Amino acid sequence: GETGLIGFSLFLALLVITLLTTLDLIKRGEGQGKVVGWMGALMLIALIGEGFSVDSLALPYNWFPLGLVAATWRWNVNCREDNNG
């Protein structure tokens with residue numbers, strides 16, 4: 001790959017973290033949060049499928065959904081803390 005073993009390991013860690021936040025959004029999210037969670041799950045499936053044909057981390061459509069999932073998860077966590085605190 002273009003980033004070596006360390007880069008691949010970091011990218012894999014990012015995908016695992018995204019998977020965990022996606023599953024949390026699907027399980028605990030409501031409305032838009034749940035929809036973004038499902039978008040993240042489908043994006044991860046597509047990214048893995050595409051990974052067998054394209055070997056580049058520089059494509060912007062890979063990073064935009066990851067950012068949406070992370071931002072929505074963080075926003076939902078803040079909303080849960082405000083409602084419970």
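Being a predicted model, the structure only gives us computed values, none of them experimental. Note: hydrogens, waters and symmetry copies are ignored here, and every other heavy atom, side chains too, is used.
Checking side-chain atoms of T72 against main-chain N and O of V69 turns up no donor-acceptor pair under 3.5 Å.
When all heavy atoms are compared, the tightest approach of A41 to I26 is CB-CD1, 4.2 Å.
Between the CD atom of Q32 and the CH2 atom of W75 there is a distance of 6.0 Å, given to the nearest 0.5 Å. How far NZ of K34 is from NZ of K27: 10.5 Å, rounded to the nearest 0.5 Å. To the nearest 0.5 angstrom, D24 atom CG is 7.0 Å from W73 atom CH2. In this structure, T18 OG1 and M43 CE are separated by 6.0 Å, a value rounded to the nearest 0.5 Å. Between the CD1 atom of I17 and the OG1 atom of T22 there is a distance of 11.5 Å, given to the nearest 0.5 Å.
V16 is not connected to L23 by any chain of hydrophobic side-chain contacts under 4.5 Å among Ile, Leu, Val, Met, Phe, Trp and Tyr, and they are in different clusters. Criterion: ILVMFWY side-chain heavy atoms under 4.5 Å apart, direct or through other members. Under it, L42 and F64 are not part of a common hydrophobic cluster.
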Give the intermediate values and the outcome of side chain to side chain contact (heavy atoms under 4.5 Å, CB included) for residues L68 and M39.
CA-CA 9 Å; L68 278 177; M39 184 233 19; 4.1 Å; yes
Starting from the C-alpha separation in whole Å, work towards a yes-or-no answer on side chain to side chain contact (heavy atoms under 4.5 Å, CB included) for L19 and L15.
CA-CA 6 Å; L19 175 64; L15 293 181; over 6 Å; no
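Hydrophobic cluster membership of L12, counting Ile, Leu, Val, Met, Phe, Trp and Tyr whose side-chain heavy atoms lie under 4.5 Å apart directly or via other members: F8.
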